[in-house]
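The structure appears right after this line, and notes come after that.
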Amino acid sequence: MNNSKTILVVDDSRVSRMMTSKFIQSHNASWEVVEAGTGEEAIEKVNAVSPALVIMDINMPGIGGTEAAEILRSKYPQLKIALQTANIQEAMRKRAEIIGADFLEKPINEARIHQLLTETEAS
């Protein structure tokens, strides 16, 4: 399932996708970054590219990040998923934990992306 050099970045904000992609490339330029703007598109892209990691916004139109993560988790139990949101309430953290996903606070920063990528490279 895992393509160790591909990361899927999912966010309805093009600017957020660009920033996250930039942070990934600054950590390791050999990573391939694939982008999606919706949960539906994320599910399709995971099926197509078998990423090592999915970094996904929670709040998106259509299928949101948590629902998409649950669908992906049921199909790909070993897939590393990180959910990101500006909504840092404990309920959101708990839902990410139940899904088996990392939780990232927005705005995302380079240090947190580097930490997540280091963990991904080690697994």
Side-chain angles (χ1 to χ4, degrees):
M1 165 62 206
N2 179 328
N3 179 343
S4 64
K5 291 293 183 184
T6 302
I7 298 173
L8 177 61
V9 176
V10 186
D11 200 308
D12 57 321
S13 165
R14 184 173 169 267
V15 172
S16 290
R17 290 193 312 264
M18 288 173 48
M19 285 183 59
T20 302
S21 295
K22 178 183 166 209
F23 293 155
I24 292 166
Q25 292 296 299
S26 74
H27 176 78
N28 186 334
S30 69
W31 283 96
E32 176 186 5
V33 178
V34 176
E35 295 182 9
T38 67
E40 294 90 345
E41 191 180 353
I43 293 165
E44 291 174 18
K45 296 239 174 152
V46 167
N47 292 329
V49 302
S50 302
L53 170 64
V54 176
I55 301 173
M56 186 160 24
D57 187 27
I58 289 177
N59 297 313
M60 295 183 290
I63 295 178
T66 51
E67 185 179 352
E70 289 169 342
I71 292 167
L72 291 171
R73 178 65 65 227
S74 69
K75 291 178 78 172
Y76 307 104
Q78 301 305 314
L79 178 61
K80 185 163 180 64
I81 301 170
L83 293 171
Q84 60 180 352
T85 185
N87 180 353
I88 59 170
Q89 296 176 359
E90 189 58 33
M92 284 296 174
R93 291 178 188 276
K94 191 65 164 170
R95 185 141 184 225
E97 183 181 323
I98 289 168
I99 294 168
D102 288 310
F103 184 85
L104 305 174
E105 296 178 14
K106 276 187 162 182
I108 197 67
N109 64 56
E110 191 168 3
R112 184 60 181 111
I113 289 292
H114 286 207
Q115 177 186 359
L116 184 62
L117 294 175
T118 299
E119 293 167 4
T120 301
E121 291 167 334
S123 60

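Here the structure is a predicted model, which means the values were calculated and not measured.
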### Message
To check you understand the geometry: which heavy-atom pair defines the closest contact between Leu104 and Ala82, and what is its length?
### Response
CD1-CB, 3.9 Å
### Query
Quick one: are Leu117 and Asn28 in side-chain contact, heavy atoms under 4.5 Å?
no
### Task
Determine whether His27 and Glu121 make a side-chain contact, defined as any pair of heavy atoms from C-beta on separated by less than 4.5 Å.
yes
### Message
Do Pro61 and Asp12 have side chains that approach each other closer than 4.5 Å (heavy atoms only, starting at C-beta)?
### Response
yes
### Task
Would you give the length of the straight line joining atom OG1 of Thr120 to atom CD1 of Ile24, rounded to the nearest 0.5 angstrom?
9.5 Å
#### Entry: Closest heavy-atom pair and its distance - Ala42, Ala36
N-CB, 3.9 Å
### Task
First locate atom OG of Ser13, then atom CE of Met60, and finally report the distance between them rounded to the nearest 0.5 Å.
11.5 Å
### Query
Could Lys94 and Glu97 be called an ion pair, given the rule that one side-chain N must be under 4.0 Å from one carboxylate O?
yes
### Task
Enter the distance from Glu110:CD to Lys22:NZ here, rounded to the nearest 0.5 Å.
7.0 Å
#### Entry: Option from Leu8, Ile99, Val46 for which side-chain contact (heavy atoms from CB on, under 4.5 Å) with Leu72 holds
Val46
#### Entry: Min side-chain heavy-atom separation Phe23-Val33 under 4.5 Å
no
### Query
Which residue, Thr6, Val34, Leu83, Val10, forms the side-chain contact (heavy atoms from CB on, under 4.5 Å) with Val54?
Val10
### Task
Check whether any side-chain heavy atom of Asp102 sits under 4.5 Å from a side-chain heavy atom of Glu119, and report yes or no.
yes
### Separation between OH of Tyr76 and CD1 of Ile43, rounded to the nearest 0.5 Å
9.5 Å
### Summary
Between the CE atom in Met56 and the OG1 atom in Thr20, the distance rounded to the nearest 0.5 Å is 13.0 Å
### Task
With rounding to the nearest 0.5 Å, note down the distance linking OG1 in Thr66 to CD1 in Ile98.
11.0 Å
### Query
Backbone N or O of Ile63 within a donor-acceptor pair of the Glu40 side chain at under 3.5 Å?
yes
### Message
Does this structure show an ion pair linking Glu67 with Arg95, if we count only N-O contacts that are shorter than 4.0 Å?
### Response
no
### Query
Does the side chain of Ser16 come within less than 4.5 Å of Lys106's, by heavy atoms?
yes
### Side chain to side chain, Pro51 and Glu32, heavy atoms closer than 4.5 Å
no
### Query
Are any non-hydrogen side-chain atoms of Ile55 and Ile108 less than 4.5 angstrom apart?
no
### Query
Does a side-chain N-to-carboxylate-O contact under 4.0 Å join Glu41 and Lys45?
yes
### Task
Might you point out which heavy atoms bring Ala101 and Arg73 nearest each other, and give the distance in Å?
N-NH2, 4.4 Å
### Electrostatic pair Asp57:Arg17 at N-O distance under 4.0 angstrom
no
